[in-house]
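As structure tokens, the structure follows; a few thoughts come after it.
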Amino acid sequence: MKTWPCWWRALPVAVALLATAGSTSASGAAARAVPRPPPQEAARCRALHAQLPATLAGLRRGTPRPASEFTAQWGTPAVFLRCGVPRPEALKAGSPHFDRYGSAWDLGGIEWYPQQQADGSVRFLATKRAAWVEVTLPKEYAGGSGSGGGGADGAAVLEEIAAHIKMTIPEGYV
């Protein structure tokens, strides 16, 4: 397996941050709501939840509020994961918000679709999987430099989560 220098791995996160500047979607409480996936997706999300690590890119796992088997968080400020979220409007053909030219790129063997949030965080959606997984990186980590308050590298966070997604959620479309 080919490995890239640390700064090269961070490039996709920085590019995504710049490419999505100006596009926004729900943030805050709506972004933290517990998903209600259909039964088959819920089973896959439970399997993912059981595999998630106690630490992620050096960040300790905490307990999200509200606690759920479909959500997880690490660090302060928190990297937040939600599994079983609905397909975003920007990825629904025919939706008024459909983004035909939206950027998506591969990191850790998962195709991620980034969405810039109003608060400076970036929400990444794991696409082409049998359940949608959303990971929100606070602005402190989203640049990928690891120089934010918590010291996490956004690219490293996504790569580590990608490994767990690949083990528990098969490729497919929902």
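- The backbone N or O of Pro114 lies less than 3.5 Å from no partner atom in the side chain of Gln116, so there is not a single donor-acceptor pair.
- Using a 4.5 Å cut-off on side-chain heavy atoms (C-beta onward), Lys128 and Glu171 make no contact.
- No side-chain heavy atom of Trp112 sits less than 4.5 Å from a side-chain heavy atom of Val122.
- Side chains of Trp74 and Leu81 form a contact here, defined as non-hydrogen atoms less than 4.5 Å apart.
- For Arg82 (side chain) and Ala33 (main-chain N/O), a donor-acceptor pair under 3.5 Å exists by modelled atom type.
- In this structure, Glu160 contributes its side chain and Ala57 its backbone to a donor-acceptor pair below 3.5 Å.
- The OG1 atom of Thr71 lies 6.0 Å from the NE2 atom of His49; values are rounded to the nearest 0.5 Å.
- What you find for Arg129 and Gly109 is that their closest heavy atoms are NH2-O, 3.8 Å.
- The distance from atom NE2 of His164 to atom CD of Gln51, rounded to the nearest 0.5 Å, is 7.5 Å.
- In this structure, Leu107 and Ala155 approach most closely via the heavy-atom pair CD2-O, 3.7 Å.
- Atom CZ of Arg46 sits about 10.0 Å away from atom SG of Cys83, to the nearest 0.5 Å.
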### Message
Applying side-chain contact (heavy atoms from CB on, under 4.5 Å) to Ile110 and Val133, what does each step give before you reach the verdict?
### Response
CA-CA 11 Å; Ile110 296 288; Val133 179; over 6 Å; no
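- The distance from the CD1 atom of Ile161 to the CG atom of Leu52 is 7.0 Å, given to the nearest 0.5 Å.
- Between the side chain of Thr127 and the backbone N or O of Glu111, at least one donor-acceptor pair lies under 3.5 Å.
- Tyr141 OH to Asp153 CG: the interatomic distance, rounded to the nearest 0.5 Å, is 11.5 Å.
- The shortest side-chain heavy-atom distance between Arg61 and Leu56 does not fall under the 4.5 Å cut-off.
- Few gaps surround CD on Glu69; more than 12 heavy atoms of other groups in view lie less than 6.0 Å from it.
- Once rounded to the nearest 0.5 Å, the distance linking CZ of Arg87 with CG of Leu125 reads 10.5 Å.
- Residues Asp119 and Lys139 form no side-chain contact, since every pair of their non-hydrogen atoms from C-beta on lies 4.5 Å or further apart.
- When every heavy atom of Pro77 is checked against every heavy atom of Glu140, the shortest pair comes out as CG-OE1, 3.3 Å.
- Not one N or O on the side chain of Arg44 forms a donor-acceptor pair closer than 3.5 Å with the backbone of Ala131.
- Residues Pro138 and Val79 have side chains in contact (heavy-atom distance under 4.5 Å, counting atoms from C-beta outward).
- Heavy-atom minimum distance, Pro66 versus Val34: CG-CG2, 3.5 Å.
- Hydrophobic clustering keeps Phe70 apart from Leu48 (ILVMFWY residues linked when any side-chain heavy atoms are closer than 4.5 Å, directly or through intermediates).
- Here the side chains of Gln115 and Phe124 are not in contact, with every heavy-atom distance at 4.5 Å or above.
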